[in-house]
Amino acid sequence: GFLFVADSGGFGGIVFLLFSPLLLLAGALESGYSQRKDFEDAKAQFTALFLTRLQQFIPHVAREVEHRRYSYPDPETVAVVVSEVNTRLWERGPQHVEFLSFRFGRGTVPTSNVAEFELETADEEVVAVAQRLDEASILHDVPIFIPLNDLGSMAVIGQTERTDSCLQHLVMQICGLHSPSEVGLVVCMAPSRQRFWEPVKWAPHLRTGGAILGRHGAAIGENDADS
């Protein structure tokens, strides 16, 4: 509250009346300064805490990138697994978390690490600091994979050169990372595609697939498939 007392009969009362607006203004300015200082202190605390959390968050994202690149190897790495004695050969059994999950390209995806919060201010400096979290939450140039075990089926459609490359990599992932005792492979092709699929005949997964169907794992002929 505010108590105003003045004796208009004396000189002191006149002076108080003259200067009371200035006193009120000074009080308002002091209050505004105090509020601004409290905001700046809170902003400094938020920024320091946020940057600390960001430094803790970044290694988790880096490990996720590393895990994706290891779990979903590029064609060159899979070719080594298939062609040489390798500890990764047939590493994915039915209980493996990446069983029947196949890499089919690279792209940009959000991190699976959760780091969400709501800003209660539009202060430009605070927003700029918060944007660093958004940037750190995006994974760039990482493997994109298809969980075929969940989807059940997929189709590769497009220009022949691109689809051939994609199919080649998918088949190598089947044969290199999955045991023929767990996954069978069946290929149906047109006669014109026989040369492309020729190397697959050496894959033991083809015999498994054929045993499941009760016939050879590779079918050639226009009546069996287009390609």
Side-chain angles (χ1 to χ4, degrees), residues 47-119 124-179 182-183 185 187 196-197 199-200 203 205 227:
T47 301
L49 178 62
F50 180 87
L51 292 177
T52 299
R53 295 289 186 268
L54 182 62
Q55 292 305 313
Q56 296 171 347
F57 178 69
I58 289 176
H60 291 284
V61 175
R63 283 193 291 271
E64 183 178 357
V65 171
E66 183 179 355
H67 172 74
R68 270 180 170 262
R69 290 176 177 167
Y70 176 84
S71 299
Y72 304 101
D74 57 32
E76 292 76 15
T77 302
V78 177
V80 172
V81 173
V82 172
S83 61
E84 301 178 4
V85 177
N86 194 290
T87 56
R88 299 198 63 181
L89 183 66
W90 302 345
E91 67 179 6
R92 298 182 183 176
Q95 306 306 318
H96 196 285
V97 67
E98 279 107 24
F99 182 68
L100 291 180
S101 289
F102 302 107
R103 169 175 171 159
F104 69 95
R106 293 179 301 182
T108 300
V109 297
T111 177
S112 60
N113 290 281
V114 178
E116 298 180 354
F117 63 92
E118 294 184 3
L119 290 179
E124 292 183 359
E125 293 182 21
V126 174
V127 172
V129 172
Q131 284 177 343
R132 294 179 61 179
L133 178 61
D134 291 336
E135 295 169 358
S137 300
I138 302 298
L139 310 182
H140 298 280
D141 196 33
V142 294
I144 306 297
F145 63 91
I146 293 178
L148 191 58
N149 212 20
D150 296 332
L151 296 178
S153 62
M154 63 173 287
V156 180
I157 302 172
Q159 297 178 350
T160 302
E161 291 182 2
R162 293 186 177 183
T163 56
D164 279 357
S165 177
C166 183
L167 287 170
Q168 212 168 31
H169 188 208
L170 288 173
V171 170
M172 283 199 300
Q173 290 177 79
I174 292 173
C175 298
L177 302 177
H178 301 80
S179 168
E182 306 290 351
V183 178
L185 178 64
V187 179
F196 173 78
W197 290 105
V200 178
H205 304 71
S227 61

If we ignore hydrogens and angles and just use 3.5 Å, is the side chain of His178 paired with the main-chain N or O of Gly93 as donor and acceptor? no

Quick one, [X] and [Y] - any side-chain contact, counting heavy atoms below 4.5 Å?
{"X": "Arg103", "Y": "Pro73", "result": "no"}
{"X": "Pro147", "Y": "Ser101", "result": "yes"}
{"X": "Phe104", "Y": "Pro143", "result": "no"}
{"X": "His169", "Y": "Ser165", "result": "no"}
{"X": "Leu148", "Y": "Phe102", "result": "yes"}

Which atom of Arg63 lies closest to which atom of His60, heavy atoms considered: NH2-ND1, 3.0 Å

Do you know which two heavy atoms are closest between Leu54 and Ala136, and how far apart they sit? CD1-CB, 4.0 Å

Checking Trp197 against Gln168 for the side-chain contact (heavy atoms from CB on, under 4.5 Å) test, could you report, in this order, the C-alpha distance in whole Å, the side-chain angles of both residues, the deciding distance, and whether it holds? CA-CA 9 Å; Trp197 290 105; Gln168 212 168 31; over 6 Å; no

With sequence neighbours excluded, residues passing salt bridge (Lys or Arg N to Asp or Glu O under 4.0 Å) with Asp74: none

Go through the structure and list residues passing salt bridge (Lys or Arg N to Asp or Glu O under 4.0 Å) with Asp141, not counting sequence neighbours. Arg106

Results of side-chain contact (heavy atoms from CB on, under 4.5 Å) for [X] - residues two or more places apart only:
{"X": "Val109", "value": "Arg68, Leu139, Val142, Ile144"}
{"X": "Pro94", "value": "Phe99, Glu182"}
{"X": "Gln56", "value": "Thr52, Arg53"}

For [X], all residues meeting side-chain hydrogen bond (donor to acceptor under 3.5 Å, both in side chains), sequence neighbours excluded:
{"X": "His67", "result": "Ser71, Glu98"}
{"X": "Arg69", "result": "none"}
{"X": "Thr163", "result": "none"}

From CA spacing to verdict: side-chain contact (heavy atoms from CB on, under 4.5 Å), Leu170, Met154: CA-CA 11 Å; Leu170 288 173; Met154 63 173 287; 4.0 Å; yes

Could you work out, with ring pair (Phe, Tyr, Trp, His ring centres under 6.0 Å) as the rule, every residue matching Phe145, not counting sequence neighbours? Tyr72

Which residue pairs pass the salt bridge (charged side-chain N to carboxylate O under 4.0 Å, His left out) test when at least one of the two sits in residues 155-176, sequence neighbours left out? Asp164-Arg193

Provide the full list of salt bridge (charged side-chain N to carboxylate O under 4.0 Å, His left out) pairs with a residue in residues 142-157, sequence neighbours left out, each pair given once. none

Identify all side-chain donor-acceptor contacts of residues 79-89 below 3.5 Å with residues at least two apart in sequence or on another chain.
{"unit_1": "Ser83", "atom_1": "OG", "unit_2": "Ala79", "atom_2": "O", "d": "2.7"}
{"unit_1": "Asn86", "atom_1": "OD1", "unit_2": "Arg88", "atom_2": "N", "d": "2.8"}
{"unit_1": "Arg88", "atom_1": "NE", "unit_2": "Glu91", "atom_2": "OE1", "d": "3.3"}
{"unit_1": "Arg88", "atom_1": "NE", "unit_2": "Glu91", "atom_2": "OE2", "d": "3.3"}
{"unit_1": "Arg88", "atom_1": "NH1", "unit_2": "Tyr70", "atom_2": "O", "d": "2.9"}
{"unit_1": "Arg88", "atom_1": "NH2", "unit_2": "Tyr70", "atom_2": "O", "d": "2.9"}
{"unit_1": "Arg88", "atom_1": "NH2", "unit_2": "Glu91", "atom_2": "OE2", "d": "2.9"}

So, taking the atom named [atom1] in [X] and the one named [atom2] in [Y], what distance separates them when rounded to the nearest 0.5 Å?
{"X": "Thr108", "Y": "Ile138", "atom1": "OG1", "atom2": "CD1", "result": "8.0 Å"}
{"X": "Ser137", "Y": "Phe57", "atom1": "OG", "atom2": "CZ", "result": "4.0 Å"}
{"X": "Ile174", "Y": "Ser179", "atom1": "CD1", "atom2": "OG", "result": "13.0 Å"}
{"X": "Thr77", "Y": "Gln173", "atom1": "OG1", "atom2": "CD", "result": "10.5 Å"}

